[in-house]
Amino acid sequence: MDNKKIADSFEEIADLLEFQGANPFRVRAYRKGSRTIRDLAQSVTTILEDDRRKLTDVDGIGKDLAAKCAELVETGQLEMLTELHREIPSTVLQLLRIPGLGPKKAAVLFRELNVQTLDQLREACESDRVAGLKGFGKKTAETIFKGISLAAAANERIYWAEADHLVSQLREHLNLCQGIEQLEFAGSYRRGRETVGDLDILVIANEADHVMDHLISFAEAAETIMRGGTKMSLRLHSGLQVDLRVVAAESFGAALQYFTGSKDHNVVVRGRAKQRGLRINEYGVYRSEGDEQVSIAGATEHEVYECLGLPYIPPELRESRQEFEWADADDLPDLLCLKDIRGDLHMHTNATDGKGTIEEMIAAAKSRNLDYIAITDHSKRVSMARGLDADRLLAQWKQIDRLRNSLEEGFQLLKGIECDILEDGSMDLPDQVLAQADWVLASVHYGQKQSRDQITDRIIGAIRNPQITAIAHPTGRLINRREAYDVDMDSVMQAAAECKTILELNANPARLDLHDVHCAAAKSHGIQVAINTDAHSTSGMDVMCCGVLQARRGGLGPGDVANTRTWGELSEWIASP
DNA sequence: GCCGTTTTCGGCCCGACTGTTTTCAGTCG
């Protein structure tokens, strides 16, 4: 039973309880529990097995949720969930994906019309049974009907990198609008989450209407969802929602803080304001003086945090994980920046499945101000990519030797390999070949469905192999597409810490593997993380910024990241006992 | 359901917008 399954169960309970009209704070407790478990660096199973540790010590997990965790780990299921399913078919949760249809109205549809699926809802709309329900009307019925087709697609979150591309286009478009004094994108995009569900734009402008009219003229805009005096939402042709909020200059910081979130972070921020006798909303921070509400902050985020007695918390850390603990101890990490990265230690060339030559990859690296790169093509097991056997690899290294002579001072080209960890745990190339490399990545590409023990043993075997410098994309997940291997990361981290093996944070937007929580766990184990692009072309090197964001979310600073060092420093560190 | 230096009960963040209402509930972020 991994943390994800427990978190999913709690999330489903929350949905079903909400559907039943349960106490909203109870619902929230399950949602918070779900998120907490999902974000936990250690597996619940490990914590339960450890006599010295208690699940209830985890913030947000009380006696009840701890017992449910234990039940899930022991029996694989949850009596409460079975019970809930007896009353509500889980298909009704599909209804909640319809924009504008929440748990209350969905419950009415289920109770009054026995609507359990999107198809049944479509029938109900077509036979005109929805508009007559109490609390519904013609408009609501129309919105619901239109939303049914959106529901299927609406839930997909896009990669941060895709969102970033859209943000550039929107910035360009809005720069043409007169009267915008300041512009910022908030939300999960600003927090650097690996996926983004919508875009939040915040502007300072006198004429809100003018800005709204301009935004609608964006080429990708499909329809206006709603529009008021200060706020507008629209849907792009891709289905993505864009929210615009127009605020006054004196409120910009408060609004930016508010709309950057996360929701959970803001709940804590608000709680802290309350403790200090202050009130905080998206317009500012207020103190009551008699009947008056006096504004004491709002123009910048810094002053909002300051009057709550907090240092400025970088957006990437605002997930209500450890940031308040760190802030209280005046121990917020000094986060990594893109300019700290000096080398890229994972990339492919046209010798295997890459598109560029070694020379082209060198030029691309130099233009990105890198001091060194490792060429790490696939080993032979990856036959689809024409992986290298020992002979071809040694020939490539000879070519690298020749190229090194022609390189200008200060840039280093490293002999590397991404060597497969085979299904039986052995390496795809002999040790005496690997021993000649400057940098050896080991990775799993085949046998991903093996049992937890098998795949964990394979990876730990590679960690213990002295020829291996780093484990590439350690969990194998592909965001929105493929689950991680069933690997015991607690054990992997322990082994990596013991053997001084580096773990990769693969910066590819679809991988981002290690993910943020694992980055934080690696840091707490004292494991060095290498952020690499896994570029398969020269432009593939552009994704380094995605890896850096993910590392920042994990609280990593330059000292936690292997490739912030010069190659001289790093190779010395690797060679030291 | 969780939590606690106004503590074991009674709170739990807050406002914009919409549609269906005759003053507000539901949804969303």
Side-chain angles (χ1 to χ4, degrees), chain A residues 10 13-14 17-19 21-36 55-69 80 95-109 130-144 147 154 186-191 196-202 208 212 224-233 235 241-247 251 254-286 293 308 320:
Chain A
F10 286 174
I13 289 177
L17 284 176
E18 195 167 39
F19 201 88
N23 175 354
F25 297 107
R26 188 175 170 218
V27 174
R28 197 214 257 165
Y30 276 100
R31 288 206 201 286
K32 183 172 183 198
S34 167
R35 233 185 46 88
T36 303
L55 258 184
T56 46
D57 289 343
V58 178
D59 190 39
I61 306 296
K63 235 172 88 181
D64 194 276
L65 291 191
K68 289 198 167 64
C69 285
M80 179 184 185
L95 305 183
L96 301 180
R97 296 216 299 263
I98 295 172
L101 186 59
K104 292 273 161 53
K105 285 201 158 68
V108 172
L109 290 167
V130 173
L133 292 169
K134 186 173 166 58
F136 290 62
K138 223 176 140 199
K139 282 261 183 146
T140 306
E142 261 171 43
T143 310
I144 289 173
S188 52
Y189 169 75
R190 183 162 180 252
R191 299 203 308 282
V196 172
D198 63 11
L199 291 176
D200 302 291
I201 311 174
L202 209 59
M212 290 181 191
T224 305
I225 300 169
M226 61 110 140
R227 177 170 174 166
T230 60
K231 189 179 166 182
M232 179 171 81
S233 295
R235 197 175 336 270
Q241 186 171 328
V242 177
D243 297 330
L244 170 76
R245 194 72 179 235
V246 184
V247 300
S251 294
L256 185 56
Q257 196 285 323
Y258 182 84
F259 289 108
T260 296
S262 66
K263 206 170 164 180
D264 298 286
H265 176 88
N266 285 352
V267 167
V268 178
V269 165
R270 265 147 224 283
R272 294 212 170 198
K274 211 165 204 178
Q275 276 173 8
R276 294 180 162 241
L278 303 171
R279 217 170 62 95
I280 177 169
N281 57 28
E282 61 257 56
Y283 299 107
V285 185
Y286 300 90
Q293 293 279 322
L308 302 178
S320 187

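Just so we're on the same page: letters track the sequence lines, and every chain starts at 1. Only this structure's heavy atoms are used, side chains among them; waters, hydrogens and symmetry mates stay out. Just so it is clear, the model here is predicted, and its values are computed rather than measured.
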Contact under 4.0 Å: A/Asn281 side-chain N or O vs B/dG15 OP1/OP2: yes
Under 3.5 Å donor-acceptor, A/Ser262 side chain and A/His265 backbone: yes
Nearest-nucleotide pick for A/Met226, side chain only, options being B/dT27, B/dC13, B/dC17: B/dC17
Interatomic distance, A/Leu133 CG vs B/dT21 P [rounded to whole Å]: 11 Å
Selected nucleotide, minimal atom distance to A/Asp64 side chain, candidates B/dC2, B/dG26, B/dA16: B/dC2
Nearest-Å distance for atom pair CE/C1', residues A/Met232 and B/dG29: 16 Å
Protein-nucleotide distance (A/Lys63, atom NZ; B/dC2, atom C1'), rounded to Å: 13 Å
Short side-chain N/O contact from A/Thr143 to OP1 or OP2 of B/dG19, under 4.0 Å: no
Touch class at under 4.0 angstrom, heavy-atom based, for A/Pro24 against every strand present: nothing
5' precedence on DNA chain B between A/Thr140 and A/Gly62 (nearest-nucleotide basis): A/Gly62
Value in whole Å for how far the C1' atom of B/dG29 lies from CG of A/Asn266: 10 Å
Residue closer to the 5' end of DNA chain B, A/Arg28 versus A/Gly100 (nearest nucleotide): A/Arg28
Separation between the P atoms of B/dC9 and B/dC14, rounded to whole Å: 25 Å
Touch class at under 4.0 angstrom, heavy-atom based, for A/Thr230 against every strand present: sugar-phosphate
Whole-Å gap separating C1' (B/dT5) and CD (A/Gln275): 10 Å
Of the listed nucleotides B/dG19, B/dC2, B/dC17, the one nearest the side chain of A/Leu65: B/dC2
Sugar-phosphate, base or nothing in reach of A/Ile98, heavy atoms under 4.0 Å: sugar-phosphate
For atom CG of A/Leu256 and atom P of B/dG29, their distance in whole Å: 18 Å
Atom P, compared across B/dG1 and B/dT6: separation rounded to whole Å: 28 Å
Nearest to side-chain heavy atoms of A/Lys68, which nucleotide of B/dC13, B/dA16, B/dG1: B/dG1
Sugar-phosphate, base or nothing in reach of A/Gly229, heavy atoms under 4.0 Å: sugar-phosphate
Nucleotide nearest A/Lys104 (side chain, heavy atoms from C-beta), chosen from B/dC14, B/dG1, B/dG26: B/dG26
Whole-angstrom distance between B/dC17 and B/dC12, as gauged at atom P: 25 Å
Which nucleotide in B/dG29, B/dG26, B/dC13 has an atom nearest any side-chain atom of A/Asp198: B/dG29
Under 4.0 angstrom between A/Arg279 side-chain N/O and B/dG15 OP1 or OP2: yes
Sugar-phosphate, base or nothing in reach of A/Asn23, heavy atoms under 4.0 Å: base
Inter-nucleotide P distance (B/dG15, B/dT20), Å rounded: 26 Å
Rounded distance in Å - CD (A/Gln257) to C1' (B/dG29): 14 Å
Separation of the P atoms in B/dT22 and B/dG26, to the nearest angstrom: 13 Å
Candidates B/dC14, B/dG29, B/dA16 - which lies nearest the side chain of A/Lys263: B/dG29
Same-atom distance (P) from B/dT18 to B/dT8, integer angstrom: 44 Å
Short side-chain N/O contact to B/dA16 OP1/OP2 from A/Tyr283, under 4.0 Å: yes
NZ or CZ of A/Lys105 within 45° of A/Phe136 ring axis and under 6.0 Å: yes
Out of B/dC14, B/dG26, B/dT18, whichever nucleotide has its closest atom nearest the side chain of A/Lys274: B/dC14
From B/dG1, B/dT27, B/dA16, nucleotide with atom closest to A/Lys105 side chain: B/dT27
Interatomic distance where CD1 belongs to A/Ile61 and C1' belongs to B/dC2 [whole Å]: 10 Å
Identity of whatever pairs with B/dG15 - Watson-Crick or G-U, under 3.5 angstrom: B/dC28
Phosphate OP1/OP2 of B/dC12: any A/Arg26 side-chain N/O under 4.0 Å: no
Pairwise P distance for B/dT27 and B/dT21, with rounding to whole Å: 15 Å
Sugar-phosphate only, base, or nothing, as touched by A/Phe136 at under 4.0 Å among non-hydrogen atoms: sugar-phosphate
Partners passing side chain to side chain contact (heavy atoms under 4.5 Å, CB included) against A/Ala273 (at least two apart in sequence or in another chain): A/Leu278, A/Ile280, A/Leu308
